[in-house]
Amino acid sequence: MHTKATPTHCPYCALQCGMGLATGPGGVEVVERPEFPVNGGALCGKGRTAPAVLSSRVRLTEPLIRSHATGRLEPATWEEAVARVAEGLSRTRGEHGADACGVFGGGGLTNEKAYALGKFARVALGTSQIDYNGRFCMSSAAAAGQRAFGLDRGLPFPLEDIPRTGCVILVGSNLAETMPPALRYLTELKENGGKLIVIDPRRTRTAEQADLHLAPRPGTDLALALGLLHLVVAEGRTDEAFIEERTSGWAEARAAAMAHWPEYVERISGVPVPQLRDAVRMFCGAEAGMVLTARGPEQQSKGTDTVGAWINLCLATGNAGRPFAGYGCLTGQGNGQGGREHGQKADQLPGYRKLTDPAARAHVAGVWGVDPDSLPGPGRSAYELLDALGGDIKALLLMGSNPVVSAPRAAHVEERLRSLDFLAVADVVLSETAQLADVVLPVTQWAEETGTVTNLEGRVLLRRQAVGAPDGVRSDLDVLHGLAAHLGHEKGFPTDPEEVFEELRRASAGGAADYSGISYARLKEGNGEGVFWPCPAREAETGAETDAGTGAETDAEHPGTPRLFLDRFATEDGRARFVPVAHRSAAEEPDAEYPVILTTGRVLAQYQSGAQTRRVDELNSAAPGPFVELHPRLAARLEVGEGEPVTVVSRRGRAVAPARITSAIRSDTVFMPFHWPGEGRANSLTNPALDPVSRMPEFKVCAVRLERAS
């Protein structure tokens, strides 16, 4: 006999697939929710097996404190653990100042937890030193979207629009393995007669579905986009009416693109000129087109300019600001979108407000009941914060992240974490990072708590509590409430997620990411399809605005905004902005000592740092460990056979993993998944070179050499 299923959402990627959870003889079981539009009931293996991490066998169930006598993490009471964390933060702040305390969050935290964490850092600790691992996800796309459109939302249209366009250019995304339920949108696109162009140095399962696959050298996506725009101009395929009516800056962007003639781009990228011409004909021959980017072009030291070049291609062809056309980013982490909108990011306040904007500071400070001048300014970005550990930053509170595995130059980051005077980690499992902590706090996870998340479409969703948490586990909101009380803030940090969300609504009101018209009651309505932001509150509810024509208050409920920019872009003049960009090399190019390019990514059965998925037997059976994917010609030069260990060496470290030999990758490139710690840790190799705008590290390109492992 099963209980009635509780409607909720998958804890993993930014699709936030709908699912139900029921309890029965076998424990917690996943039930399909075919009425939820994003996935229509379909789930990948990670979603189907997500309840396995609820087991006390694999997760934390009691606080741990590192013993001064033994040096080991040992069980403690919650009162002891919270007091130890508060004492560590207070001592550091007293001896070295507020900015000696750092806070590092995660893209899997709910909106409520992300909001409370940002408020805790700036109000209770008074530190500017807060950022989160979402900086490693889509920050370059966010920066490029802000520059071009005045607003960043992963997709400015619903996923359901993708099959209704004429051509999709998918850049650096392997949806078949990273977001399997979303592959149906590309399948439907082709069934409707649309075309799919996939750009990836590997012939992935997604690339196999393409009408045209372009395989550039990693790090040359910027040149490729500029080469396509050059051809669009040269072949007279620009939409001059759209450019004139709805954009600015075209002359400068066009001049920059025309310096990237096709033969030059072929030499840089390795993509033949005929394929470039085919791509232009396919994209411009459709009535409408979309460009969708993911981590491939974004995780580069020129990621913002690279995404900007793809946006320029959309604008020049009139594929923006109209139905079934436009640029979009496929956000990776479960709440990567909402996580940065409400205060975890070093330079932002709730509602996607800029921390340097006096009006934004005044509004949020008013909601928080503090003096605007008391709010610290912008702090370091994620990698810069991690790099400063043990130096300027002496103590760190970390929630929902595992940088020992996920950060670039990971061995250095691990060393920095070990050098801290004090480290506290709140997590569901004893991750590799938690193992280094002075205090570990076991917190609730997706099925054990209620909270909102925002998926890649900007759809705000309600995850509902389906099961109780083990006795020794508390929510992150409880943790922040307890710590704030110890630090002298008895009020202002509620533990009820709905109460936190009500405050978030007020804090976001009038901001770019306005959630003020969204409530828990509204999210529970109908089939739980969620509400797209921006969604302002009724004027009578906020007192902020009245009808523009009459000045009278209205009672109409805002429907949310599934499709952005149809009337105007979010810039001051309502026009989209072309940004002139030019190709430049990766921060580290191959040379005689390190002649091969390493690129990294995900596999189907694991997720992010693997802290949770590596604890699920079924997923480990499907993807038991790291590997090095290399071309047969490269394998032959090394005299390495399938499955034999290969050592990969960069200027930052080395990793060892079995060879996986395939002609589906370029012969000058190797690929490693980044889900594992230990000797197969791919991020021991990666380059922390940062994009100057987004501060995104260059995960996707670094120079390595390969050796036969002894």
Side-chain angles (χ1 to χ4, degrees), residues 111-112 114-119 122-123 142 145-147 149-154 156 335 337-375 377-378 452 454 458-460 492 498-523 530-574:
N111 290 319
E112 293 80 1
Y115 172 85
L117 187 62
K119 181 180 179 182
R122 296 182 172 106
V123 174
Q146 290 276 11
R147 287 199 314 195
F149 307 128
L151 183 69
D152 152 49
R153 196 180 82 185
N335 197 31
Q337 184 73 46
R340 71 178 176 281
E341 292 167 2
H342 298 299
Q344 282 191 99
K345 209 171 177 184
D347 55 354
Q348 288 176 190
L349 288 168
Y352 225 140
R353 287 181 159 90
K354 293 181 179 179
L355 190 53
T356 54
D357 179 359
R361 294 170 65 88
H363 174 83
V364 174
V367 174
W368 289 350
V370 300
D371 184 341
D373 292 338
S374 71
L375 298 178
T452 62
T454 306
R459 190 191 297 259
V460 183
E498 186 168 4
E499 186 177 347
V500 177
F501 190 78
E502 286 300 305
E503 185 178 308
L504 182 157
R505 292 176 66 194
R506 298 195 302 275
S508 74
D514 191 334
Y515 284 29
S516 60
I518 307 173
S519 66
Y520 271 37
R522 186 172 179 184
L523 293 175
V531 180
F532 291 84
W533 71 261
C535 182
R538 293 181 303 161
E539 289 80 356
E541 189 174 331
T542 64
E545 295 180 342
T546 54
D547 183 271
T550 65
E553 292 181 346
T554 71
D555 290 326
E557 185 174 67
H558 194 285
T561 315
R563 296 170 182 86
L564 297 170
F565 312 140
L566 297 183
D567 299 317
R568 69 188 309 276
F569 295 95
T571 56
E572 289 185 3
D573 61 5

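Small disclaimer: the values here were computed from a predicted structure and weren't measured.
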>> Just verifying a value: how many Å separate Q348 CD and K354 NZ, rounded to the nearest 0.5 Å?
In response: 9.0 Å
> Y515 and T454: side-chain donor and acceptor closer than 3.5 Å?
Replying inline: yes
> How would you list, by chain and number, every residue that makes a salt bridge (charged side-chain N to carboxylate O under 4.0 Å, His left out) with K345, sequence neighbours excluded?
Replying inline: none
>> Tell me if the CG atom of D567 is crowded by more than 12 foreign heavy atoms within 6.0 Å.
In response: no
> Considering all heavy atoms of both residues, which atom of I518 and which atom of F501 are nearest to each other, and what is their separation?
Replying inline: O-CE2, 3.3 Å
> How many angstroms lie between atom CZ of R353 and atom NE2 of H342, to the nearest 0.5 angstrom?
Replying inline: 10.5 Å
> Minimum heavy-atom separation for S519 to E502, with atom names?
Replying inline: CB-OE2, 4.4 Å
> Would you say T561's side chain and P534's backbone share a donor-acceptor pair under 3.5 angstrom?
Replying inline: yes
> Which heavy-atom pair separates G530 from L523 by the least distance, and what is that distance?
Replying inline: CA-CD2, 4.1 Å
>> Give me the atom names and distance for the closest heavy-atom approach of R122 to L349.
In response: CD-CD2, 4.1 Å
> CZ of R505 to CG of N111: how many Å apart, nearest 0.5 Å?
Replying inline: 13.5 Å
>> Closer than 3.5 angstrom, by distance alone: can the side chain of E112 be matched with the main-chain N or O of T452 as a donor-acceptor pair?
In response: yes
> Is a donor on one side and an acceptor on the other found under 3.5 Å between the side chain of K119 and the backbone of G343?
Replying inline: no
N/O donor to acceptor pairs below 3.5 angstrom from side-chain atoms of residues 355-368, sequence neighbours left out:
unit_1: D357; atom_1: OD1; unit_2: A359; atom_2: N; d: 3.0
unit_1: R361; atom_1: NH1; unit_2: L355; atom_2: O; d: 3.2
unit_1: R361; atom_1: NH1; unit_2: P376; atom_2: O; d: 3.4
unit_1: R361; atom_1: NH2; unit_2: P372; atom_2: O; d: 3.0
unit_1: R361; atom_1: NH2; unit_2: L375; atom_2: O; d: 2.4
unit_1: H363; atom_1: NE2; unit_2: R506; atom_2: O; d: 2.9
unit_1: H363; atom_1: NE2; unit_2: A507; atom_2: O; d: 3.2
unit_1: W368; atom_1: NE1; unit_2: Y115; atom_2: OH; d: 2.8

> Do you know which two heavy atoms are closest between A513 and W533, and how far apart they sit?
Replying inline: CA-CE3, 3.5 Å
> Pairs in or reaching into residues 363-375: which pass salt bridge (charged side-chain N to carboxylate O under 4.0 Å, His left out), with residues at least two apart or in two chains?
Replying inline: none
>> Which residues pass the salt bridge (charged side-chain N to carboxylate O under 4.0 Å, His left out) test with D152, not counting sequence neighbours?
In response: R340
> For R153 and F565, what are the C-alpha separation, side-chain angles and deciding distance, and is it a side chain to side chain contact (heavy atoms under 4.5 Å, CB included)?
Replying inline: CA-CA 11 Å; R153 196 180 82 185; F565 312 140; over 6 Å; no
> S508 and S516: which non-hydrogen atoms are nearest, and at how many Å?
Replying inline: OG-N, 3.7 Å
> Got a sec, which residues hit salt bridge (charged side-chain N to carboxylate O under 4.0 Å, His left out) with R522, two or more places apart in sequence or on another chain?
Replying inline: E557
>> Could you check whether any side-chain N or O of Q337 sits under 3.5 Å from a backbone N or O of G154, counting only pairs where one atom can act as donor and the other as acceptor?
In response: yes
>> Once salt bridge (charged side-chain N to carboxylate O under 4.0 Å, His left out) is applied, do any residues pair with R459, and if so which ones, sequence neighbours excluded?
In response: E457
